[in-house]
Amino acid sequence: NDTQGIWLHKYVWGQINPGGLIESYWYDTQHIYPTGRDLRPVFGHYYNFIKDIPLSNGNYTDVAATSSNTNLRAWGQKDTTNGRAHLWIDNTNHTWKNVVDGINIASQSATISFSGMPAGAYTVSRYDTYQGTVYQTDNINVDTSGTVNLTVSNLGTDIAVKVERQTGTPSPTP
């Protein structure tokens with residue numbers, strides 16, 4: 001009954017985990033073509049987000065993000081050497097079961113935080129995981145504490161976020 005493909009969507013996007021496992025899941029047509037609907041774009045949206053992240057550089061570790069709201073979870077990876085991170089932020093109440101059962105899913109807000117990033121100016125790109133596009137870009141400054149704080153407001157489903165140190169931002173001196 002999950003005609004919107006929420007289960008598949010969360011399965012694919014949840015792969016932005018510290019281990020970075022990518023499972024294509026092409027062998028089960030009941031999730032890719034529910035009731036005649038083609039959900040292959042779910043894979044394309046994920047690919048377009050992740051394709052330019054240099055995961056094989058050996059520098060990525062668990063982003064170890066925390067959320068000020070237990071109804072929003074966040075995980076991903078960070079590269080503290082190059083000042084990059086990527087996260088998936090999910091409203092835990094937005095499940096295929098709740099949608100199928102017609103349960104009202106309240107939007108959630110929180111501050112998502114993670115540490116260990118070099119001080120400097122960063123670009124934060126917020127990505128609509130259902131449309132496959134960047135919908136907002138912001139600039140933030142990370143001070144010498146190395147903590148990144150991302151404000152998430154009124155999230156009904158999920159988003160993905162890239163955090164990248166801006167070109168020309170000097171690396172902190174040891």
Side-chain angles (χ1 to χ4, degrees), residues 6 9-22 41-95 105-174:
I6 295 167
H9 176 89
K10 300 226 182 214
Y11 180 82
V12 169
W13 281 95
Q15 295 178 82
I16 298 181
N17 58 65
L21 172 68
I22 297 175
V42 170
F43 295 97
H45 297 331
Y46 179 78
Y47 172 77
N48 288 335
F49 178 82
I50 203 104
K51 71 180 180 181
D52 296 325
I53 299 172
L55 293 171
S56 63
N57 72 7
N59 296 320
Y60 281 91
T61 60
D62 184 355
V63 76
T66 60
S67 175
S68 64
N69 178 345
T70 58
N71 291 315
L72 287 183
R73 61 182 166 190
W75 62 70
Q77 299 174 346
K78 64 185 174 184
D79 172 351
T80 58
T81 302
N82 296 297
R84 298 173 64 120
H86 56 278
L87 301 92
W88 179 59
I89 304 169
D90 181 46
N91 181 336
T92 61
N93 297 311
H94 182 254
T95 65
I105 299 160
S107 294
Q108 302 292 322
S109 299
T111 298
I112 306 297
S113 302
F114 61 95
S115 61
M117 299 300 283
Y122 285 78
T123 300
V124 177
S125 301
R126 295 170 190 258
Y127 191 83
D128 182 325
T129 59
Y130 285 90
Q131 298 300 312
T133 57
V134 173
Y135 70 89
Q136 182 179 339
T137 303
D138 299 310
N139 294 314
I140 63 169
N141 287 307
V142 174
D143 64 20
T144 55
S145 73
T147 301
V148 174
N149 293 304
L150 304 172
T151 301
V152 178
S153 301
N154 300 315
L155 183 60
T157 58
D158 62 278
I159 60 170
V161 177
K162 286 183 182 176
V163 178
E164 298 179 74
R165 190 169 50 187
Q166 294 174 2
T167 305
T169 299
S171 297
T173 55

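- For the pair Trp75 and Val63, the tightest heavy-atom approach, listed with the atom from each and the gap, is C-CG1, 4.0 Å.
- Ala74 and Ile112 get closest at one heavy-atom pair: CB-CG2, 3.7 Å.
- No donor-acceptor pair closer than 3.5 Å links the side chain of Asn154 to the backbone N or O of Ser107.
- Expressed to the nearest 0.5 Å, how far CG of Leu150 lies from OG of Ser67 amounts to 10.5 Å.
- Of all heavy-atom pairs spanning Asn91 and Gly156, the tightest one is ND2-O, 3.4 Å.
- Residues Asn149 and Ser113 have side chains that bring a donor and an acceptor to within less than 3.5 angstrom of each other.
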Item to check | Arg126/Asp138 under side-chain contact (heavy atoms from CB on, under 4.5 Å): CA gap, chis, key distance, verdict | outcome: CA-CA 8 Å; Arg126 295 170 190 258; Asp138 299 310; 3.6 Å; yes
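- To the nearest 0.5 Å, atom OG1 of residue Thr133 and atom CG of residue Asn48 are 10.5 Å apart.
- Going from atom OG1 of Thr92 over to atom NZ of Lys10 covers 8.0 Å, rounded to the nearest 0.5 Å.
- Nearest heavy-atom pair, His45 versus Gly132, reported as atom, atom and distance to 0.1 Å: ND1-CA, 3.3 Å.
- Once rounded to the nearest 0.5 Å, the distance linking NZ of Lys78 with CZ of Arg84 reads 15.5 Å.
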Checklist entry - Given the rule in the side-chain contact (heavy atoms from CB on, under 4.5 Å) test, do Tyr127 and Lys162 qualify, once you have shown the distances and angles that lead to the verdict? => result CA-CA 8 Å; Tyr127 191 83; Lys162 286 183 182 176; over 6 Å; no
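- For Tyr122 against Met117, the heavy-atom pair with the smallest separation is OH-CB, 3.7 Å.
- Here the OG1 atom belonging to Thr95 is positioned 7.5 Å from the CD1 atom belonging to Ile6, to the nearest 0.5 angstrom.
- For Tyr60 and His86, the distance between ring centers is under 6.0 angstrom.
- Taken to the nearest 0.5 Å, the OG1 atom of Thr157 stands 11.5 Å off from the CD1 atom of Ile89.
- Side-chain atoms of Ile53 and Gln77, non-hydrogen and from C-beta on, never get closer than 4.5 Å to each other.
- Between Thr80 and Gly116, the shortest heavy-atom contact is CG2-O, 2.9 Å.
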Next on the checklist: What verdict does the side-chain contact (heavy atoms from CB on, under 4.5 Å) test give for His9 and Asp158, after you've listed the backbone C-alpha separation in whole Å, the side-chain angles of each residue and the deciding distance to 0.1 Å?
Outcome noted: CA-CA 10 Å; His9 176 89; Asp158 62 278; 3.0 Å; yes
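- Side chains of Asp90 and Trp13 form no contact here, defined as non-hydrogen atoms less than 4.5 Å apart.
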Next on the checklist: side-chain contact (heavy atoms from CB on, under 4.5 Å), that's the test. Do Thr129 and Tyr46 meet it? Break it down for me.
Outcome noted: CA-CA 7 Å; Thr129 59; Tyr46 179 78; over 6 Å; no
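- A donor-acceptor pair shorter than 3.5 Å can be found between the side chains of Gln166 and Thr123.
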